[in-house]
Amino acid sequence: MITVELDNFSLKEICQSGQCFRMYETEENTYELIAGDQYLKMTQDGGIVNFHCSDMEFICYWVPYFDIDADYSSYIAKINPRDTYLSAAAECGSGIRILQQDLWEMIITFLISQQNNISRIRGCVERLCEAYGEKKISGEKEYYAFPNPERLAAASEDDLRGLGMGYRARYIVETTRSILNGEISLDRIYQYRYYSRAKQELLKLSGVGEKVADCICLFALHHMDAFPIDTHIRQVLDEHYKRGFPNRRYRGMRGIMQQYIFYYELNKK
DNA sequence: AGCCAGGGACCAT
DNA sequence: ATGGTCCATGGC
């Protein structure tokens with residue numbers, strides 16, 4: 001087990017920030033996460049966080065995954081103090097991290113997310129993993145990895161509708177096909193240095209539009225300028241930023257500001 | 001019963 | 001480029 005003391009890091013806020021749909025609070029201050037084919041159990045008490053894994057796994061996998069080396073207080077310090085809304089949002093979600101999740105997993109997960117609510121998205125993703133993911137064991141814990149493209153290709157559109165994917169089933173089938181046949185290369189998308197280039201490529205996928213592409217750029221590729229505009233963010237922009245969000249000021253950190261707002265809207269009051 | 005949920009494809013101007 | 005309309009499903 002690894003024990004570390006971290007600033008601006010809250011498992012509760014990360015869990016509720018809606019980036020990862022396979023992270024659960026299983027008991028008080030205890031969280032379980034399945035990312036790709038990895039399982040991780042964590043506990044947190046104040047700033048002390050325990051990761052139930054080896055040194056090697058922590059350093060190679062979870063440090064980049066949770067963006068642990070980044071200093072989020074410097075992001076928060078850049079917020080315009082006169083922007084009382086954003087200041088309040090960032091204070092509310094100051095422990096949020098922008099995760100670096102698997103690209104393929106984010107593509108499928110955010111295809112499912114569209115016009116859907118978070119609890120139902122969780123259910124859909126879980127059923128998809130149970131049906132097509134590889135069964136794994138970590139200690140006493142049995143879990144299903146997220147299915148890779150080859151495994152998911154076994155699913156027909158009707159199969160996926162049977163799992164409750166609704167009209168998104170066609171998007172999943174078509175997107176899986178275009179990645180397997182090499183029409184779109186995940187490796188290439190990983191290597192694009194510029195956010196706009198990665199997004200442009202993602203937009204070629206069936207069922208991937210502006211918002212979903214931005215989520216993938218932010219939560220998998222760590223393009224911190226991606227600013228997904230969903231129905232909640234739209235309402236905030238209309239209400240608090242009638243003259244537009246101050247993009248210039250937050251260049252290079254728009255994505256984390258978006259997450260503070262999103263989390264705030266879902267958890268305030 | 002109708003509205004909403006981390007929207008996008010497709011079609012009409 | 002912009003603006004409807006339709007697309008499944010479950011919770012309220």
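Lettering follows sequence order; numbering is per chain, from 1.
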Output the rounded distance in Å from [atom1] ([X]) to [atom2] ([N]).
| X | N | atom1 | atom2 | result |
| --- | --- | --- | --- | --- |
| A:Arg120 | C:dG10 | CZ | C1' | 6 Å |
| A:Glu157 | C:dC7 | CD | P | 14 Å |
| A:Tyr260 | B:dG6 | OH | P | 21 Å |
| A:Asn117 | C:dA8 | CG | C1' | 12 Å |
| A:Ile121 | B:dA5 | CD1 | C1' | 8 Å |
| A:Asn116 | B:dC3 | CG | P | 19 Å |
| A:Leu128 | C:dT9 | CG | C1' | 16 Å |
| A:Gln235 | B:dA5 | CD | C1' | 11 Å |

Test item: [X] side-chain N/O and [Y] main-chain N/O as donor-acceptor pair under 3.5 Å:
| X | Y | result |
| --- | --- | --- |
| A:Arg97 | A:Tyr72 | no |
| A:Gln38 | A:Trp62 | no |
| A:Asn117 | A:Arg120 | yes |

Side chains of [X] and [Y]: do they bring a donor and an acceptor to under 3.5 Å?
| X | Y | result |
| --- | --- | --- |
| A:Asn80 | A:Tyr250 | no |
| A:Ser156 | A:Asp159 | yes |
| A:Asn50 | A:Thr3 | yes |

Hey, does the Lys NZ or Arg CZ of A:Lys141 hover above the aromatic six-ring of A:Tyr143, less than 6.0 Å from the centre and inside 45° of the axis? no
Is it the case that A:Arg122 places NZ or CZ above or below the six-membered ring of A:Tyr24, under 6.0 angstrom from the centre and within 45 degrees of the axis?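 A:Arg122 over A:Tyr24 ring: yes.
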Give each protein N/O atom lying under 3.5 Å from an N/O atom of nucleotides 1-3 of chain C, with the pair distance.
none

Among A:Glu32, A:Glu142, A:His52, find the residue that satisfies the side chain to side chain donor-acceptor pair (under 3.5 Å) test when tested with A:Tyr39.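 One option only clears the test, and that one is A:Glu32.
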Are A:Phe110 and B:dG6 stacked, counting the six-membered base ring, centres under 5.5 Å, planes under 30°? no
Return one dot-bracket line describing DNA chain C 5' to 3' (Watson-Crick or G-U wobble pairs, both distances under 3.5 Å; ( ) same strand, [ ] crossing, | another strand, . none). |||||||.||||
Base, sugar-phosphate, or nothing for [X], non-hydrogen atoms under 4.0 angstrom?
| X | result |
| --- | --- |
| A:Arg168 | base |
| A:Ile229 | nothing |
| A:Ser17 | base |
| A:Gln259 | base |
| A:Tyr263 | nothing |

Could you walk me through whether A:Asp102 and A:Phe146 pass the side chain to side chain contact (heavy atoms under 4.5 Å, CB included) check? CA-CA 10 Å; A:Asp102 178 75; A:Phe146 193 86; 5.7 Å; no
Please give the distance between the [atom1] atoms of [N] and [M] as a whole number of Å.
| N | M | atom1 | value |
| --- | --- | --- | --- |
| C:dC12 | B:dG6 | P | 13 Å |
| C:dT5 | B:dC3 | P | 14 Å |
| C:dA8 | B:dC11 | P | 16 Å |

Distance test, side-chain N/O of A:Arg161 to OP1/OP2 of C:dA8, below 4.0 Å: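 Yes, such a contact exists.
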Under 4.0 Å between a side-chain N or O of A:Thr231 and OP1 or OP2 of B:dG6?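 A:Thr231 to B:dG6 OP1/OP2: no side-chain N or O under 4.0 Å.
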Please report the interatomic distance OH(A:Tyr167) to CD(A:Gln114), rounded to the nearest 0.5 Å.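 Between A:Tyr167 OH and A:Gln114 CD, I get 4.0 Å after rounding to 0.5 Å.
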Classify the ring geometry between A:His240 and A:Tyr85 as parallel (under 30°), tilted (30 to 60°) or perpendicular (over 60°). parallel
What string of B, S and - do you get for nucleotides 8-13 of chain B, 5' to 3', when a contact is any protein heavy atom under 4.0 Å? SS----
Does the gap between the ring centers of A:Phe219 and A:Phe110 come in under 6.0 Å?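 Ring-ring flag for A:Phe219/A:Phe110: true, centres closer than 6.0 Å.
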